[in-house]
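Predicted model, so just to flag it, every value in this text is computed and none were measured.
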Amino acid sequence: MTSSKPSRPFVLQRLERCAVLLRVDQGSVITEGDAVEILRQSFDLTGNRQYVLLFELGRVRSISPGARRVLTAARNILACALVGAEPMDRMLSAPYEQAAYPAEYFTERSTALEWLALMHDILCADPVEHTMSLTVDHDPFQRRRAS
């Protein structure tokens, strides 16, 4: 008799030393259990380092309240860029504005990656010298100050 792990509705990919991409299967619902597993696997991918997270929302149908609580309270996430193109994506990203870490919603992946790289370089306290981007003259909090 063989046991198999239940299939998860997400895929994680390490982008850099301290950066993780989260993609979700089409039409998936992220549960509290999924959220815990996302955090565990992300921490494993980065070698137990804090990390920045690129969360592509375009295929998510919903995120349960328990999953939102787990993900917005995570202490291993330095910053999160949520990327989407539809009004529903924007709605799914709204609770992350109150997360324990800086989080922003973007409609363009390239802009999200620029912001994440800058946030990483500002916030990462990893003792091994590294960066995700060149230093740029850009204020990552500009949108929040304008509101």
Task: pair P102-W115: side-chain heavy atoms closer than 4.5 Å - done: yes
TODO: Can you measure from CG (D34) to CZ (R8) and round to the nearest 0.5 angstrom?
DONE: 5.0 Å
Open item on the list: For C18 versus R49, what's the shortest heavy-atom pair and its separation?
Closed with: SG-CD, 3.7 Å
Task: T111 side chain vs T107 backbone, donor-acceptor pair below 3.5 Å - done: no
Open item on the list: Do V29 and V60 sit in one hydrophobic cluster, given that two such residues count as connected whenever their side-chain heavy atoms are within less than 4.5 Å of each other, even indirectly?
Closed with: no
Task: Point-to-point distance, once rounded to the nearest 0.5 Å, from CD of E16 to CG of L116 - done: 11.0 Å
Task: Main-chain N/O of L118 paired to D121 side chain as donor or acceptor, under 3.5 Å - done: no
Atom pairs and distances, side-chain donor-acceptor, residues 19-28, under 3.5 Å, sequence neighbours left out:
residue : atom : partner : partner atom : Å
R23     : NE   : E56     : OE1          : 2.9
Q26     : OE1  : R59     : NE           : 3.2
S28     : OG   : D25     : O            : 2.9

Task: Salt bridge R90-E104, side-chain N to carboxylate O under 4.0 Å - done: no
Task: Check: D44 side chain, Q41 main-chain N or O, donor-acceptor pair, under 3.5 Å - done: no
Task: Distance in Å, L45 CG paired with R40 CZ, rounded so as to fall on 0.5 Å steps - done: 9.5 Å
Task: Considering all heavy atoms, the nearest Y105-A85 contact - done: OH-N, 3.6 Å
- [ ] Kindly compute the distance separating CE (M88) from OG (S93), expressed to the nearest 0.5 Å.
- [x] 11.0 Å
Contacts table for residues 66-84: side-chain donor-acceptor under 3.5 angstrom, sequence neighbours left out:
residue : atom : partner : partner atom : Å
R68     : NH1  : I63     : O            : 2.5
T72     : OG1  : R68     : O            : 2.8

Open item on the list: With a 4.5 Å cut-off on side-chain heavy atoms, are S62 and I30 touching?
Closed with: no
TODO: Would you mind reporting whether R14 and Y51 have side-chain heavy atoms less than 4.5 Å apart?
DONE: no
Open item on the list: Any non-hydrogen side-chain atom of F55 less than 4.5 Å from a side-chain atom of Y96?
Closed with: yes
Task: Closest approach of Q50 to F43 (non-hydrogen atoms, all atoms of both residues) - done: N-CE1, 4.3 Å
TODO: Give, for atom CD of E37 and atom CG of L12, the distance between the pair rounded to the nearest 0.5 Å.
DONE: 8.5 Å
TODO: Find out whether V52 and Y101 are in side-chain contact, i.e. whether some heavy atom of one side chain is under 4.5 Å from a heavy atom of the other.
DONE: no
